[in-house]
Amino acid sequence: MWNAIAHQIAATTGQPFSIARRSGVGGGDINAAYRIEGNGQRYFVKVNSAARDDMFSAEAAGLAEIAQTQTIRVPQPLCHGNDADYSWLVLEYLDITRSGSPARLGELLAALHRVTAKQFGWHRANTIGETPQPNEQTNDWIAFWREQRIGFQLQLAARNGYGGTLQRKGEKLLEKLPAFFAGYAPQPSLLHGDLWGGNYGYDEHGAPLIFDPAVYYGDREADLAMTELFGGFGAAFYSAYDAAFPRDPGYCTRKDLYNLYHVLNHANLFGGGYARQAEGMIERLLAETS
């Protein structure tokens with residue numbers, strides 16, 4: 001595998017490359033990750049089974065989609081490939097730190113969200129974690145969220161043994177989705193799609209960057225909601241975002257609707273108490289419509 005990766009890097013860059021040093025990088029839940037060095041170059045490599053090649057292809061396409069906006073920095077994808085046993089994604093290597101300006105991060109995320117498309121969704125499916133994420137394009141945001149986000153996760157939950165109350169309440173919530181969008185018509189903004197605290201940082205100059213995306217075009221509130229799911233990005237981040245691109249007052253209610261998608265996904269991936277957490281969120285959301 002490593003010889004194949006080295007050859008692919010050389011073919012892509014047009015420069016000789018051989019791996020002189022390779023070291024594991026911690027922090028990932030899904031893929032093995034490595035830093036490789038040679039010929040004066042460094043790269044970040046994600047590795048998984050051969051069956052995950054399409055996941056890496058979609059991630060590379062998502063990074064390229066964000067990069068072309070020239071708003072917020074992402075690691076540049078170099079190449080991806082597979083052999084009989086493994087698949088891999090080679091990225092620009094960045095020295096990522098947690099030291100930088102949250103306010104600048106908020107400003108740049110707002111700039112990313114001002115990039116829009118004609119339809120919600122994306123030109124291809126991708127993944128959210130290890131879970132397939134459909135992105136069939138449509139003009140109807142409510143239908144998109146009903147069928148391709150909450151409804152899709154509820155179907156997975158039923159297959160994973162989470163039936164009964166979760167399904168009954170979930171179906172009722174799907175019927176009431178229009179109530180959360182009275183007087184609010186979101187635009188198809190370019191989203192990171194998986195923007196929790198582990199997927200942003202700062203480069204060696206303190207410039208914000210984001211990585212590990214699950215890209216699609218959707219309501220920008222979905223990105224902002226996830227920033228709050230596991231503790232929030234800090235007051236300076238939200239103040240700067242709102243100064244650049246103010247949120248609608250209804251965001252405070254809709255953020256639970258958007259984060260329900262991720263909690264359901266966690267239930268499907270990890271089990272545990274996430275299914276009960278999802279039930280509680282659904283109950284609170286239904287109370288908003290009564």
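Bear in mind the structure is a predicted one, so any value in this text is a computation, not a measurement.
Arg220 contributes a side-chain N or O that, together with a main-chain N or O of Phe245, makes up a donor-acceptor pair within less than 3.5 Å. The backbone N or O of Leu154 lies less than 3.5 Å from a partner atom in the side chain of Gln167, making a donor-acceptor pair. With hydrogens and angles disregarded, a donor-acceptor distance shorter than 3.5 Å links the side chain of Asn268 to the backbone of Ala157. No donor-acceptor distance shorter than 3.5 angstrom exists from the side chain of Ser239 to the backbone of Ala236, with no hydrogens or angles considered. Within the 3.5 Å criterion, the main-chain N or O of Ala225 finds a donor-acceptor partner in the side chain of Asn259. Put simply, the side chain of Gln148 gets close to the backbone of Asn135: a donor and an acceptor are under 3.5 Å apart. Tyr217 places no side-chain N or O within donor-acceptor distance of the main-chain N or O of Thr116, the cut-off being under 3.5 Å.
The list of salt bridge (Lys or Arg N to Asp or Glu O under 4.0 Å) pairs with a residue in residues 129-138, not counting sequence neighbours, reads Arg52-Glu130. Residue pairs that meet the salt bridge (Lys or Arg N to Asp or Glu O under 4.0 Å) test with at least one member in residues 75-86, sequence neighbours left out, do not exist here. Counting only residues at least two apart or on different chains, the ring-ring contact (aromatic ring centres under 6.0 Å, His included) pairs with a member in residues 113-137 are His113-Tyr241, Phe120-Trp141. The salt bridge (Lys or Arg N to Asp or Glu O under 4.0 Å) contacts involving residues 139-157 comprise nothing, where partners must be two or more places apart or lie in separate chains. Every pair passing ring-ring contact (aromatic ring centres under 6.0 Å, His included) that includes a residue from residues 252-282 is listed here, sequence neighbours excluded: Trp145-Tyr258, Trp145-Tyr261, Phe230-His266, His266-Phe270, His266-Tyr274.
In this structure, His80 and Ser57 approach most closely via the heavy-atom pair CE1-CB, 3.6 Å. Here the closest heavy-atom approach between residue Leu166 and residue Ala278 is recorded as CD1-CB, 4.2 Å. Summarising the geometry of Ala6 relative to Ser18, their closest heavy-atom pair is CB-CA, 4.4 Å, with the distance given to 0.1 Å. Closest approach of Ala67 to Val74, counting heavy atoms only: CB-CG2, 3.8 Å. A pairwise comparison of heavy atoms in Ala60 and Pro77 identifies O-CG, 3.6 Å as the closest pair. The shortest non-hydrogen separation linking Cys79 to Gln8 is SG-OE1, 3.6 Å.
With sequence neighbours left out, the ring pair (Phe, Tyr, Trp, His ring centres under 6.0 Å) criterion links Tyr251 to no other residue. Scanning for side chain to side chain donor-acceptor pair (under 3.5 Å) contacts around Arg73 gives Glu92, Asp203, with sequence neighbours left out. Ser189 meets the side chain to side chain donor-acceptor pair (under 3.5 Å) test with no other residue; sequence neighbours excluded.
For CD of Glu204, the number of neighbouring non-hydrogen atoms (other residues, nucleotides, ligands) closer than 6.0 Å is greater than 12. Under a cut-off of 6.0 angstrom, the local environment of CZ in Arg42 is crowded, with over 12 non-hydrogen atoms contributed by other residues, nucleotides or ligands.
Atom OG of Ser49 sits about 9.0 Å away from atom CG of Asn31, to the nearest 0.5 Å. Rounded to the nearest 0.5 angstrom, Thr71 OG1 and Leu109 CG are separated by 8.5 Å. Note that OG1 of Thr131 is 5.5 Å distant from CD of Gln153, once rounded to the nearest 0.5 Å. For the atom pair CD of Gln76 and CD1 of Ile66, the computed distance is 11.0 Å after rounding to the nearest 0.5 Å. To the nearest 0.5 angstrom, Asn82 atom CG is 11.5 Å from Asn48 atom CG. Rounding to the nearest 0.5 angstrom, the gap separating the NE2 atom in His205 from the CG atom in Asp95 is 10.0 Å.
The cluster map of Ile, Leu, Val, Met, Phe, Trp and Tyr, joined by side-chain heavy atoms under 4.5 Å apart, puts Val115 and Phe144 in the same cluster. Connection of Met281 to Met226 is established within a shared hydrophobic cluster, with ILVMFWY side chains joined at heavy-atom distances below 4.5 Å, either directly or through further cluster members. Under a hydrophobic clustering in which Ile, Leu, Val, Met, Phe, Trp and Tyr are joined whenever their side-chain heavy atoms come within less than 4.5 Å, directly or via other members, Trp196 and Leu229 fall into the same cluster. Tracing side-chain contacts under 4.5 Å through hydrophobic residues (I, L, V, M, F, W, Y), one reaches Tyr238 starting from Ile72; they form part of the same cluster.
Residues Met1, Trp2, Ile5, Ile9, Phe17, Ile19, Tyr34, Ile36, Tyr43, Val45, Val47, Tyr86, Trp88, Val90 make up the rest of the hydrophobic cluster containing Leu78, defined by ILVMFWY side-chain heavy atoms closer than 4.5 Å, directly or through other members. Phe152 belongs to a hydrophobic cluster whose remaining members, ordered by chain and number, are Leu156; membership requires side-chain heavy atoms of ILVMFWY residues under 4.5 Å apart, directly or through intermediates.
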Checking side chain to side chain contact (heavy atoms under 4.5 Å, CB included) for the pair Leu63/Leu91: CA distance, chi angles, key distance, verdict? CA-CA 10 Å; Leu63 289 167; Leu91 303 169; 3.6 Å; yes
Residue pair Gln15, Asn39: steps toward the side chain to side chain contact (heavy atoms under 4.5 Å, CB included) verdict: CA-CA 9 Å; Gln15 301 292 328; Asn39 301 84; over 6 Å; no
Does Asp256 form a side chain to side chain contact (heavy atoms under 4.5 Å, CB included) with Glu288? I'd like the steps, not just the answer. CA-CA 11 Å; Asp256 278 349; Glu288 293 285 345; over 6 Å; no
Can you check salt bridge (charged side-chain N to carboxylate O under 4.0 Å, His left out) on Glu279 and Arg276, steps first, answer last? CA-CA 5 Å; Glu279 278 191 39; Arg276 289 189 297 275; over 6 Å; no
Run the numbers on Phe233 and Leu224 for side chain to side chain contact (heavy atoms under 4.5 Å, CB included), then give the verdict. CA-CA 10 Å; Phe233 281 25; Leu224 290 166; over 6 Å; no
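Between Thr227 and His192, the closest side-chain pair of non-hydrogen atoms is not below 4.5 Å.
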Check: residues 206-216 side-chain donor-acceptor pairs under 3.5 Å, at least two apart:
residue : atom : partner : partner atom : Å
Asp212  : OD1  : Lys46   : NZ           : 2.5

Which donor-acceptor pairs under 3.5 Å do side chains of residues 170-187 form with protein atoms, sequence neighbours excluded?
residue : atom : partner : partner atom : Å
Tyr184  : OH   : Asp219  : OD1          : 2.7
Tyr184  : OH   : Asp219  : OD2          : 3.2
Tyr184  : OH   : Glu221  : OE2          : 3.3

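With Tyr200 as the aromatic partner, Arg98 meets the cation-pi criteria of under 6.0 angstrom to the ring centre and within 45 degrees of the ring axis.
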